Amino acid sequence: MVTKQFSGTAEEADLSRADSLAREIFTDIANKWAFLIIEALGAGTLRFGALRNEIEGISHKMLTQNLRMLERNGLVERRVHPTVPPRVEYTLTEPGRALRAAVSGMCGWTQRHLDHIEAARNRFDAV
(Lines give C-alpha, C1' and ligand atoms only; values in the text may rest on other atoms or scores of the structure.)
Protein backbone atom coordinates (compact mmCIF):
# COMPACT_ATOMS: atom_id res chain seq x y z
CA MET A 1 0.00 0.00 0.00
CA VAL A 2 1.28 3.44 -0.88
CA THR A 3 0.58 6.01 1.77
CA LYS A 4 -0.91 9.28 0.68
CA GLN A 5 1.27 12.17 1.69
CA PHE A 6 -0.37 14.22 4.40
CA SER A 7 -0.93 17.86 3.69
CA GLY A 8 -3.17 20.09 5.70
CA THR A 9 -3.83 20.41 9.38
CA ALA A 10 -3.41 17.68 11.97
CA GLU A 11 -7.17 17.81 12.57
CA GLU A 12 -7.68 16.64 8.97
CA ALA A 13 -5.69 13.42 9.55
CA ASP A 14 -8.22 10.63 9.08
CA LEU A 15 -7.51 7.26 10.71
CA SER A 16 -10.49 5.74 8.92
CA ARG A 17 -8.91 6.17 5.47
CA ALA A 18 -6.76 3.30 4.22
CA ASP A 19 -4.32 5.68 2.52
CA SER A 20 -3.95 7.98 5.52
CA LEU A 21 -0.50 8.78 6.85
CA ALA A 22 -2.12 9.01 10.28
CA ARG A 23 -3.27 5.38 9.97
CA GLU A 24 0.18 4.27 8.87
CA ILE A 25 1.74 5.92 11.93
CA PHE A 26 -0.91 4.40 14.19
CA THR A 27 -0.28 0.96 12.68
CA ASP A 28 3.47 1.34 13.22
CA ILE A 29 3.30 2.26 16.88
CA ALA A 30 0.28 0.18 17.96
CA ASN A 31 2.09 -3.10 18.50
CA LYS A 32 3.22 -4.82 21.67
CA TRP A 33 6.94 -4.52 20.95
CA ALA A 34 6.79 -0.80 20.19
CA PHE A 35 4.80 -0.20 23.39
CA LEU A 36 7.29 -2.20 25.46
CA ILE A 37 10.29 -0.44 23.88
CA ILE A 38 8.75 2.98 24.53
CA GLU A 39 7.98 2.02 28.12
CA ALA A 40 11.52 0.71 28.70
CA LEU A 41 13.15 3.80 27.18
CA GLY A 42 10.97 5.99 29.37
CA ALA A 43 13.36 5.26 32.23
CA GLY A 44 16.26 6.71 30.22
CA THR A 45 18.82 6.03 27.51
CA LEU A 46 19.69 2.37 26.96
CA ARG A 47 22.08 0.40 24.81
CA PHE A 48 20.71 -2.34 22.55
CA GLY A 49 21.67 -5.21 24.87
CA ALA A 50 20.27 -3.52 27.96
CA LEU A 51 17.06 -2.75 26.10
CA ARG A 52 16.75 -6.35 24.97
CA ASN A 53 17.27 -7.51 28.57
CA GLU A 54 14.46 -5.19 29.71
CA ILE A 55 11.96 -6.76 27.27
CA GLU A 56 11.66 -10.46 27.95
CA GLY A 57 10.86 -12.52 24.87
CA ILE A 58 11.82 -10.02 22.17
CA SER A 59 14.16 -11.38 19.51
CA HIS A 60 17.17 -9.50 18.19
CA LYS A 61 15.39 -9.16 14.84
CA MET A 62 12.13 -7.78 16.31
CA LEU A 63 13.98 -5.31 18.51
CA THR A 64 16.03 -4.11 15.54
CA GLN A 65 12.96 -3.75 13.29
CA ASN A 66 10.95 -1.88 15.91
CA LEU A 67 13.81 0.44 16.85
CA ARG A 68 14.26 1.32 13.16
CA MET A 69 10.54 1.97 12.78
CA LEU A 70 10.45 4.14 15.92
CA GLU A 71 13.52 6.04 14.71
CA ARG A 72 11.94 6.53 11.26
CA ASN A 73 8.84 7.98 12.91
CA GLY A 74 10.95 10.34 15.02
CA LEU A 75 10.08 8.74 18.36
CA VAL A 76 13.49 7.26 19.17
CA GLU A 77 16.93 8.74 18.62
CA ARG A 78 19.83 6.41 17.86
CA ARG A 79 23.24 7.71 18.87
CA VAL A 80 26.44 5.96 17.73
CA HIS A 81 29.58 6.73 19.71
CA PRO A 82 32.86 6.42 17.74
CA THR A 83 34.49 3.75 19.87
CA VAL A 84 35.78 0.30 19.07
CA PRO A 85 33.44 -1.52 19.05
CA PRO A 86 30.89 1.21 18.36
CA ARG A 87 28.61 2.00 21.30
CA VAL A 88 25.01 2.58 20.24
CA GLU A 89 22.44 4.15 22.55
CA TYR A 90 18.73 4.70 22.16
CA THR A 91 16.64 7.42 23.78
CA LEU A 92 13.13 8.79 23.38
CA THR A 93 12.69 12.07 21.54
CA GLU A 94 10.24 14.69 22.80
CA PRO A 95 7.34 13.17 20.77
CA GLY A 96 8.43 9.73 22.03
CA ARG A 97 8.25 10.94 25.63
CA ALA A 98 4.78 12.35 24.95
CA LEU A 99 3.70 8.99 23.52
CA ARG A 100 5.14 7.25 26.57
CA ALA A 101 2.56 9.02 28.73
CA ALA A 102 -0.19 7.29 26.72
CA VAL A 103 1.65 3.95 26.75
CA SER A 104 2.13 4.18 30.53
CA GLY A 105 -1.59 4.86 30.86
CA MET A 106 -2.36 1.71 28.88
CA CYS A 107 0.05 -0.30 31.03
CA GLY A 108 -1.69 1.00 34.15
CA TRP A 109 -5.11 0.24 32.67
CA THR A 110 -3.99 -3.34 31.96
CA GLN A 111 -2.79 -3.83 35.53
CA ARG A 112 -5.97 -2.33 37.03
CA HIS A 113 -8.28 -4.51 34.92
CA LEU A 114 -6.25 -7.71 34.69
CA ASP A 115 -8.48 -9.65 37.12
CA HIS A 116 -11.65 -8.63 35.28
CA ILE A 117 -10.19 -9.55 31.88
CA GLU A 118 -8.89 -12.89 33.13
CA ALA A 119 -12.31 -13.75 34.58
CA ALA A 120 -14.06 -12.74 31.34
CA ARG A 121 -11.66 -14.91 29.31
CA ASN A 122 -12.26 -17.88 31.62
CA ARG A 123 -16.05 -17.48 31.27
CA PHE A 124 -15.78 -17.13 27.49
CA ASP A 125 -13.46 -20.12 27.09
CA ALA A 126 -15.71 -22.30 29.28
CA VAL A 127 -18.59 -21.98 26.80
Side-chain angles (χ1 to χ4, degrees):
M1 173 177 76
V2 176
T3 303
K4 180 180 179 180
Q5 286 297 87
F6 176 74
S7 60
T9 66
E11 291 77 25
E12 294 171 342
D14 187 357
L15 285 172
S16 67
R17 289 182 48 127
D19 64 350
S20 168
L21 178 57
R23 184 187 282 188
E24 182 179 323
I25 294 166
F26 185 77
T27 300
D28 280 351
I29 62 173
N31 76 70
K32 69 178 176 183
W33 297 126
F35 277 13
L36 293 172
I37 291 166
I38 290 166
E39 186 67 12
L41 288 175
T45 300
L46 292 172
R47 293 178 67 177
F48 186 92
L51 187 53
R52 186 166 177 208
N53 290 338
E54 287 288 318
I55 306 170
E56 186 175 326
I58 193 167
S59 68
H60 186 279
K61 178 182 177 181
M62 288 308 299
L63 181 54
T64 299
Q65 287 177 347
N66 277 274
L67 283 168
R68 286 180 181 162
M69 174 273 299
L70 291 167
E71 183 180 11
R72 178 176 184 252
N73 284 304
L75 302 172
V76 168
E77 180 182 324
R78 179 179 183 263
R79 186 173 300 136
V80 180
H81 297 274
T83 60
V84 178
R87 189 179 83 216
V88 181
E89 296 176 330
Y90 298 90
T91 191
L92 292 177
T93 62
E94 190 279 318
R97 288 188 300 275
L99 179 58
R100 186 195 180 228
V103 170
S104 292
M106 292 184 69
C107 291
W109 175 88
T110 302
Q111 290 173 329
R112 285 189 307 277
H113 298 285
L114 193 61
D115 291 340
H116 172 83
I117 294 167
E118 183 179 29
R121 286 180 170 194
N122 289 336
R123 286 191 305 274
F124 184 88
D125 293 345
V127 175

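As the structure is a computational prediction, the values presented were derived from the model and not from experiment. We use all heavy atoms of the structure for the numbers below, so side chains are in, but hydrogens, waters and symmetry mates are not.
Between Val103 and Phe35, the shortest heavy-atom contact is CG1-O, 3.5 Å. Heavy-atom minimum distance, Trp33 versus Met62: CD1-CE, 3.6 Å. Across all non-hydrogen atoms, the minimal contact from Ala34 to Asp28 is CB-O, 4.2 Å. Closest non-hydrogen pair, Gly74 versus Thr93, comes out as O-OG1, 2.6 Å. Across every non-hydrogen atom of Gly105 and Arg112, the tightest pair is O-NH2, 4.4 Å. The heavy-atom pair separating Arg52 from Ser59 by the smallest distance is NE-C, 4.0 Å.
Residues Leu36 and Asn66 are not in side-chain contact: their nearest non-hydrogen atoms beyond the backbone lie 4.5 Å or more apart. For the pair Leu67/Phe48, a side-chain contact is recorded, criterion being any heavy-atom separation below 4.5 Å from C-beta on. Within the 4.5 Å cutoff, the side chain of Glu39 has heavy atoms near those of the Arg100 side chain. Considering only heavy atoms from C-beta on, Val76 comes within 4.5 Å of Leu92 through its side chain.
Distance check: Leu51 CG to Ile55 CD1 gives 4.5 Å after rounding to the nearest 0.5 Å. For the atom pair CG of Leu70 and CZ of Arg78, the computed distance is 13.5 Å after rounding to the nearest 0.5 Å. A distance of 4.5 Å separates OG1 in Thr64 from NE2 in His60, rounded to the nearest 0.5 Å. In this structure, Arg47 CZ and Tyr90 OH are separated by 10.5 Å, a value rounded to the nearest 0.5 Å. Atom CD of Gln111 and atom CE of Met106 lie 12.5 Å apart (nearest 0.5 Å).
Within the 3.5 Å criterion, the main-chain N or O of Leu75 finds no donor-acceptor partner in the side chain of Asn73. In terms of modelled atom types and a separation under 3.5 Å, the side chain of Arg79 and the main chain of Glu89 share no donor-acceptor contact.
Under the 4.5 Å side-chain heavy-atom criterion for Ile, Leu, Val, Met, Phe, Trp and Tyr, Trp109 and Ile38 are members of distinct hydrophobic clusters. The same ILVMFWY cluster, assembled from side-chain heavy atoms under 4.5 Å apart, contains both Val88 and Met69.
The number of heavy atoms from other shown groups lying within 6.0 Å of NE2 (His116) does not exceed 12.
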